[in-house]
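Here the structure is laid out as structure tokens; the discussion comes afterwards.
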2 protein chains.
Amino acid sequence: MTPSQDTLRARTRRAVQREIGDAALALFIERGFDATPIDAVAAAVGMSTRSVFRYFATKEDIVIGKLDLAADRMLETLAARPPGEPVWVSLRHLFDVDDPRPQGSTAAIHRVVLETPALLAAYLQKLQEIQEAVALGLRERAAAAGRPYPADDPTPRALTAAAFGCFVAAQHSWLASGASTPLADAVDRAMATLAPATEAQAPAQTQTQTQAQAQAPAPAPAPAPS
Amino acid sequence: MTPSQDTLRARTRRAVQREIGDAALALFIERGFDATPIDAVAAAVGMSTRSVFRYFATKEDIVIGKLDLAADRMLETLAARPPGEPVWVSLRHLFDVDDPRPQGSTAAIHRVVLETPALLAAYLQKLQEIQEAVALGLRERAAAAGRPYPADDPTPRALTAAAFGCFVAAQHSWLASGASTPLADAVDRAMATLAPATEAQAPAQTQTQTQAQAQAPAPAPAPAPS
DNA sequence: CCGAACCTGTCATTGACTGTCAAGTGAGAC
DNA sequence: GTCTCACTTGACAGTCAATGACAGGTTCGG
């Protein structure tokens, strides 16, 4: 019952996983995801088709599964941000990644993922999962700082979703403009277009009454009784 | 070559599509999406499996395809909003839907979609498509108002993505809290947590020169070197 | 040496799709 | 009226992803 020990087997397994992932990604980029049957991937690494599925739950997971690491890093990053930091800034830093890959390679990966419907769907779904964890992290952080969100307050979820939405928008814009500038710049620009309603202009203090008021005037969208 | 005429055949086709959709949705809600093979749907409406796929591209599309109508309505809504209205308010009104269904039924649909991985993925992907169109609509509106976004400005995409992110977050929160209150309230609360960086404090008037200027100063956070 | 845990390939099966083909049906041409 | 033409349908076969079952073969600790 070794919970998640770093045994030799575990390391071997990760190595094989990585090998499959790399080979598959190369094939997907070269021939396209849909045009590359699993058999081709299996053949490329000299395994049976069955074994590939022992390392990855689905075909999409070969590509998207790599995000599990990124997700872990995000949660660590969030936990490491200073407690007093504005939420939007902390969220921005979730997307700081030092990717040692050559710039062109990163763009190629982005292109396959964003332009293959099946992969895009799996990607967005994975991001949704990650958001769940991040929103929970925001809740914990606020609680630790002494001003927890009410249980049914949608704020952490909404802010997280908005941040991730900006991130994906940035990826699209970045790719559409040729991926020449760093992705981080695109993320900066996207996230700079918005700010949380409360702490935006506040002197980084506990929220004031006037702001809570300024928050209200959402013009009650009339459920259209017809 | 009748482009998209409202011929008898077209109407019949839509009727059949609707019949399949309704029957399938009932089955999906009752037995679960994954536990309901297409054969069961086909049998329920007295057709061959093959014919079901002549009306829907994929199994997920039977559920998600209904959003095409919603997408059209969104674009109409956006076009109908007053040109001077703050963007965030206009975006909020995209999610106003008068759904004549009983409240419990709507919640059931939401539950299947959000809790079935395959459906959630397809749903998010469809929303992504819609966002593309909405962002374009924002661009057109701004251009019509005389202050178009620069070609590579990520603002419309980012704002749209943030709004849709809030919407999905609202759906989750709404469902998690028992779907007792109107969904519109949840959307209000989610979207009230954020505001665009520029027009937030503006006196809700027709745009001034200073606004076009205030649109630029993206504060460019540090790209985190190492 | 030995069993437990793990990994592997092979085979068979399910389920989502897709291509094809022969047959049916309706609306308009004649 | 009836004869097409366009469109639809069911039946059949085939591809691909994914899963379960079985039969070896390996490694590791005792």
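Quick note on labels: first sequence line is chain A, next is B, and so on, each numbered from 1.
- Atom CG of A:D61 and atom P of D:dA17 are 15 Å apart (whole Å).
- Residues A:L194 and A:W88 form a side-chain contact, since some pair of their non-hydrogen atoms from C-beta on lies under 4.5 Å apart.
- Per the geometry, CZ belonging to A:R9 stands 8 Å off C1' belonging to D:dT26, to the nearest Å.
- In this view, A:T155 and A:D153 satisfy the side chain to side chain donor-acceptor pair (under 3.5 Å) rule, not counting sequence neighbours.
- Here the nucleotide nearest the side chain of A:S51, chosen from C:dG9, C:dC17, D:dA17, is C:dG9.
- Computed from coordinates, the A:R13 CZ to C:dA5 C1' distance equals 13 Å when rounded to whole Å.
- Across all strands, A:Y55 comes closer than 4.0 Å only to sugar-phosphate atoms, never to a base (heavy-atom distances).
- Listed candidates were D:dT27, C:dT8, D:dA18. Nearest to the side chain of A:F53 is D:dA18.
- Here C:dG15 presents its C1' atom at 9 Å from CD1 of B:I38, a figure rounded to the nearest Å.
- No side-chain heavy atom of A:F28 sits less than 4.5 Å from a side-chain heavy atom of A:I109.
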Strictly under 3.5 Å: I want the nitrogen or oxygen pairs between protein and nucleotides 19-21 of chain C, one per line.
from, atom 1, to, atom 2, distance (Å)
C:dG19, N7, B:R50, NH2, 3.1
C:dG19, O6, B:R50, NE, 2.7

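- Here the side chain of B:T77 pairs a donor or acceptor atom with the backbone of B:R73 at under 3.5 angstrom.
- To the nearest angstrom, P of C:dT18 lies 14 Å from CZ of B:F56.
- Taking atom CG on B:D34 and atom P on D:dA17, their separation rounds to 18 Å, with Å as the unit.
- For the residue pair B:S90 and B:E85, a side-chain donor N or O sits within less than 3.5 Å of a side-chain acceptor on the partner.
- B:R11 places its CZ atom 16 Å from the P atom of C:dG26, with the value rounded to the nearest Å.
- Judged by distance alone, the side chains of B:R157 and A:S173 do bring a donor and an acceptor atom under 3.5 Å apart.
- Within a 6.0 Å radius of CZ in A:R18, no more than 12 heavy atoms belonging to other residues, nucleotides or ligands are found.
- When the C1' atoms of four end pairs are superposed on the next four at each end of the helix from C:dC1-D:dG30 to C:dC30-D:dG1, using five pairs per end, the two resulting axes differ in direction by 0°, to 10°.
- Checking C:dT10, D:dG10, D:dT8 against the side-chain heavy atoms of B:M47 singles out D:dG10 as nearest.
- Atom CD1 in A:I62 sits roughly 13 Å away from atom C1' in D:dC16 (whole-Å rounding).
- Side-chain atoms of A:Y123 and A:Q171 include a donor-acceptor pair closer than 3.5 Å.
- Among D:dT27, C:dC17, D:dA17, the nucleotide with an atom closest to any side-chain atom of B:T58 is C:dC17.
- For the pairing with B:K66, the salt bridge (Lys or Arg N to Asp or Glu O under 4.0 Å) check across B:D22, B:D61, B:D99 returns one residue only, B:D22.
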